[in-house]
K.L.:
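I'd like to ask some things about the structure below.
Each ligand, and each atom within it, is numbered from 1 in the order the structure gives. These values consider heavy atoms only, across backbone and side chains, with no hydrogens, waters or symmetry-generated copies.
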Amino acid sequence: MRLAYGCMGLDDVDRADEAVRTAYEVGIRLFDHADIYGGGTAEIVFGQVLARHPGLRDEIEIQTKCGIVLGGAEGGNAYDLSRAHLLASVEGSLERLGTDRIDRLLLHRPDPLARPAEIADAFDVLTAARKVGAFGVSNMAAPQLAHLRSAVRQPLDVNQLELSLHHRDLIEAGVLVNHADAAAYAPVTGTLEYCTDHAVTVQAYGALAQGRFTGRPRGPEDESTATLVRRYAAELGATPEAVVVAWVLKHPAEIVAVVGTTEPHRIRACADAEQVAEAMTREQWWSLWTAARGKPVP
Ligand SMILES: NC(=O)c1ccc[n+]([C@@H]2O[C@H](COP(=O)([O-])OP(=O)(O)OC[C@H]3O[C@@H](n4cnc5c(N)ncnc54)[C@H](OP(=O)(O)O)[C@@H]3O)[C@@H](O)[C@H]2O)c1
C-alpha cells in the first residue's frame with residue numbers, strides 16, 4: 001500500500017490507539033515519526049499503544065527522523081547531523097517507542113555543518129548494533145542526497161518531501177523550465193527524477209494538504225479547488241480526501257503518501273487513494289493542478 005501514517009499529531013494514548021488501529025485496519029503498515037514530534041510525546045504515546053497490542057510491533061514498520069534540535073539556536077531551531085547527535089537521538093527514540101529497533105531512520109533536514117564521514121560512521125554503528133534497519137533522508141534536493149549517498153555505506157532509499165495539491169514545488173519545477181517563475185523552484189529541480197533513477201522512494205508529507213480542499217480551507221483561494229475535488233469525488237465514487245491524496249499518487253514515481261490526520265473517519269477516507277489514482281483521468285489530474293495553481297501552465 002502506498003500510504004503511510006504520519007504520527008506527528010499523536011498526543012493522547014486512547015486517541016492514538018484508535019488512530020493506529022484504524023490505519024492498520026485499512027492496510028497501512030508504515031508509521032512515520034520524528035524525535036521532535038510533540039517534543040517526544042508522539043513517540044511516547046505510540047510506544048504505549050504498542051505495549052497495549054503485543055505482536056503489533058512485528059507487523060509494522062516504524063520510521064523515525066532525527067537531526068532537528070528544537071530551540072537549538074537563540075531565536076529558533078538548529079539542525080544537527082553530527083555523529084554524537086545521531087547516536088543520542090536514536091537512543092532517545094528507542095526508549096520512547098519502547099522498541100529495540102527502528103526500521104528506518106531519516107535525516108530530517110540538511111545540516112550545513114554536517115560531515116558526511118561522521119554520518120557514515122554513525123550509520124555503521126547503528127547498523128552493527130541492529131538498532132536501525134535502513135536509512136533515508138528528508139527535505140533534501142537531489143545533489144544533497146547524491147552527496148550523502150557517496151559517503152555512507154548503506155543505501156539511502158527514501159526521501160521524504162512535502163508534496164501535495166497545495167505544495168506542488170516538485171511538480172512545478174518539472175514544467176517551469178525556461179520560465180520566469182522557474183527560479184522559485186530551482187532547488188528541487190530534478191529531485192523527483194533523481195529519486196526515480198536511483199530507486200529512492202519519495203514519501204510525500206502533507207499529502208492531504210492539511211485539509212485545505214476537504215473541509216478546512218485556509219482562504220477564498222482554496223474554494224475553487226475544493227469544489228472541483230468534490231465534483232471529481234462524486235464522479236469517481238470516492239471521498240474528497242482520497243481524491244486529494246490520489247493527485248499525488250498518480251505521479252509515475254510510485255510515491256508513498258504520508259497522511260497525518262488523527263481522526264479515524266479521515267484515515268478511512270484516505271484508504272482508497274491508490275485505486276482512485278488509477279481511476280483518475282489525465283484531464284481530472286491536470287484540472288486539479290490548474291485549479292490549485294490558480295492559473296494555467298505556461
Ligand atoms: N519530513 C518532514 O519535515 C515532515 C514535516 C511535516 C510532517 N511530516 C509527516 O507528515 C505527516 C503529515 O503531515 P501534516 O499533518 O502536516 O499533513 P496532512 O496529512 O496533509 O494533514 C493532516 C493535518 O490536517 C488536519 N486536517 C486534515 N483534513 C482536515 C479537515 N477536513 N478538517 C480539519 N482538519 C483537517 C489534520 O487534523 P486532524 O488530525 O484533526 O484530522 C492534521 O492536523 C506528519 O504526521 C509527519 O509524519 C514530515
K.L.:
Show every donor-acceptor pair shorter than 3.5 Å between a side-chain atom in residues 46-54 and any protein atom, with sequence neighbours excluded, or say none if there are none.
P.N.:
unit_1: R52; atom_1: NH1; unit_2: D14; atom_2: OD1; d: 3.1
unit_1: R52; atom_1: NH1; unit_2: D17; atom_2: OD2; d: 2.8
unit_1: R52; atom_1: NH2; unit_2: D14; atom_2: OD1; d: 2.8
unit_1: H53; atom_1: NE2; unit_2: D17; atom_2: OD1; d: 2.8
unit_1: H53; atom_1: NE2; unit_2: D17; atom_2: OD2; d: 3.4

K.L.:
Does E221, at its CD atom, have more than 12 non-hydrogen atoms belonging to other residues, nucleotides or ligands within less than 6.0 Å?
P.N.:
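For E221, atom CD is crowded (more than 12 foreign heavy atoms under 6.0 Å).
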
K.L.:
Please report, to 0.1 Å, the donor-acceptor pairs under 3.5 Å made by any side chain of residues 108-116, with sequence neighbours excluded.
P.N.:
unit_1: D111; atom_1: OD1; unit_2: L113; atom_2: N; d: 2.9
unit_1: D111; atom_1: OD2; unit_2: L81; atom_2: N; d: 2.9

K.L.:
Please determine whether a side-chain nitrogen of the Lys or Arg among R57 and D103 lies less than 4.0 Å from a carboxylate oxygen of the Asp or Glu.
P.N.:
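A salt bridge links R57 with D103.
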
K.L.:
For residues 84-94, which side-chain N or O atoms pair as donor and acceptor with protein atoms under 3.5 Å away, sequence neighbours left out?
P.N.:
unit_1: S89; atom_1: OG; unit_2: D35; atom_2: OD2; d: 2.8
unit_1: E91; atom_1: OE2; unit_2: K131; atom_2: NZ; d: 2.6
unit_1: S93; atom_1: OG; unit_2: E43; atom_2: OE1; d: 3.1
unit_1: S93; atom_1: OG; unit_2: E43; atom_2: OE2; d: 3.0
unit_1: S93; atom_1: OG; unit_2: S89; atom_2: O; d: 3.4

K.L.:
What class does the angle between the rings of Y194 and H198 fall in, given that below 30° is parallel, 30 to 60° is tilted and above 60° is perpendicular?
P.N.:
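The arrangement is parallel - the two ring planes meet at less than 30°.
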
K.L.:
So which residues, sorted by chain and number, lie with a heavy atom under 4.0 Å of ligand 1?
P.N.:
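For ligand 1, the residues that come within the 4.0 Å heavy-atom cutoff are G6, C7, M8, D32, Y37, K65, H108, R109, S138, N139, Q160, Y205, G206, A207, L208, A209, Q210, G211, T214, R216, V258, V259, G260, T261, T262, E263, R266.
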
